[in-house]
Protein chains: 2
Amino acid sequence: MTATLVPVFAALGDETRWSILTALGEGDASASALAGRLPLTRQAIAKHLNVLQEVGLVESMRVGRELRYRVLGARLSDTAKRLERIGSEWDHRLAAIKQIAETL
Amino acid sequence: MTATLVPVFAALGDETRWSILTALGEGDASASALAGRLPLTRQAIAKHLNVLQEVGLVESMRVGRELRYRVLGARLSDTAKRLERIGSEWDHRLAAIKQIAETL
DNA sequence: AAGAAGTGCAACTCCACGGTTGCAATTTGT
DNA sequence: ACAAATTGCAACCGTGGAGTTGCACTTCTT
């Protein structure tokens, strides 16, 4: 469930994937439905949705004969928190190093 | 200065780039110095450092004949904040949509 | 002055990724 | 039972990114 961080960033590092996410933000939808709104083939979209699902940014559920997808905003918030932590730790470490370097 | 968000994620979506960042976390270093610690050519590292610099995750400064790089933790924190925002907005929107759907 | 250390640039290979097309399989509605 | 809608799978193509090698250029050091 808690996919490692890097693949999540890789998934978010693609413009068209964001267009799919924002399109999904208008409401849950299937790959075919999204293909109607975006300049992409259904299959291309399906591939992207798989990527997004594998890193937990999206979840799917069957509704009759269609697979409906939903954005998981929580995953974004979670990722953000982890990134924030790393960022602040980095600053602390750099500050510590600077201290040491200056006291030499 | 404030590079668009997506390229930053693309830069962070690479395992070896993280290894470079963490290596840099031990203290500022040049591409050649890093090449001594990582299983990569100096040129490969230089390319990655360019990518990281273009999205503002790293800054460089000349010291004699070498180019020394430093991690910018603040950029990570900044990116995290923006991501957090997007995530929460998403949840709000989804909640709103759910409301509407249920009151139909 | 000369060699060592470091950077910059260019060309090349390899492969993963985004995208497409085509067809089979499943499910729904009438 | 049949046609339409939807998904699933596989093969294929093109491009860009990661990495390497090789060489020229600059800058220390002695």
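Residue numbers begin at 1 in each chain, while the letters A, B, ... track the order of the sequences.
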>> Looking at every non-hydrogen atom in both residues, tell me the closest pair between A:Trp90 and B:Leu21 and how far apart they are.
In response: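 Scanning both residues completely, I find the closest heavy atoms to be CZ2-O, 3.1 Å.
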>> According to a hydrophobic-cluster definition based on side-chain heavy atoms being under 4.5 Å apart (Ile, Leu, Val, Met, Phe, Trp, Tyr only), do B:Val51 and B:Leu5 belong together?
In response: no
> Do B:Leu72 and B:Leu49 belong together in a cluster built from hydrophobic side chains that touch within less than 4.5 Å?
Replying inline: no
Does [X] use its side chain to pair, donor to acceptor, with the backbone of [Y] at less than 3.5 Å?
X: B:Trp18; Y: B:Leu12; value: yes
X: B:Ser30; Y: B:Ala33; value: yes
X: B:Arg62; Y: B:Leu67; value: no

For atom [atom1] of [X] and atom [atom2] of [N], their distance in whole Å:
X: B:Arg68; N: C:dA5; atom1: CZ; atom2: C1'; value: 14 Å
X: A:Glu15; N: C:dG19; atom1: CD; atom2: C1'; value: 17 Å
X: A:Leu52; N: C:dG18; atom1: CG; atom2: C1'; value: 13 Å
X: A:Leu49; N: D:dC9; atom1: CG; atom2: P; value: 15 Å

>> With a sphere of 6.0 Å drawn around CZ of B:Arg85, does it hold more than 12 non-hydrogen atoms of other residues, nucleotides or ligands?
In response: no
>> I'd like to know if B:Arg70 and B:Asp28 make a salt bridge, using a cut-off of under 4.0 Å between side-chain N and carboxylate O.
In response: yes
> Can a salt bridge be assigned to the pair A:Asp78 and A:Arg75 using a cut-off of 4.0 Å between side-chain N and carboxylate O?
Replying inline: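 So A:Asp78 pairs with A:Arg75 through a salt bridge.
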>> I need a per-nucleotide contact map over nucleotides 13-24 of chain D, read 5' to 3'. Cutoff is protein heavy atoms under 4.0 Å; write B for the base, S for backbone only, - otherwise.
In response: -----SBBBB--
> Which of residues 20-27 of chain A sit near DNA chain C, with a heavy atom under 4.0 Å from it?
Replying inline: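 Close to the strand, none.
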> Is there a donor-acceptor contact under 3.5 Å linking the side chains of A:Ser32 and A:Glu66?
Replying inline: no
>> I'd like to check A:Gln53 versus A:Asn50 (side-chain heavy atoms, cut-off strictly below 4.5 Å). Are they in contact?
In response: yes
>> At less than 4.0 Å, is any side-chain N or O atom of A:Ser32 found next to OP1 or OP2 of D:dA5? Yes or no.
In response: no
> Can a side chain N or O of B:Ser30 be found less than 4.0 Å away from OP1 or OP2 on C:dT7?
Replying inline: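 True: B:Ser30 side-chain N/O within range (under 4.0 Å) of C:dT7 OP1/OP2.
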Expected rows: protein N/O vs nucleotides 24-30 of chain C N/O, under 3.5 Å:
none

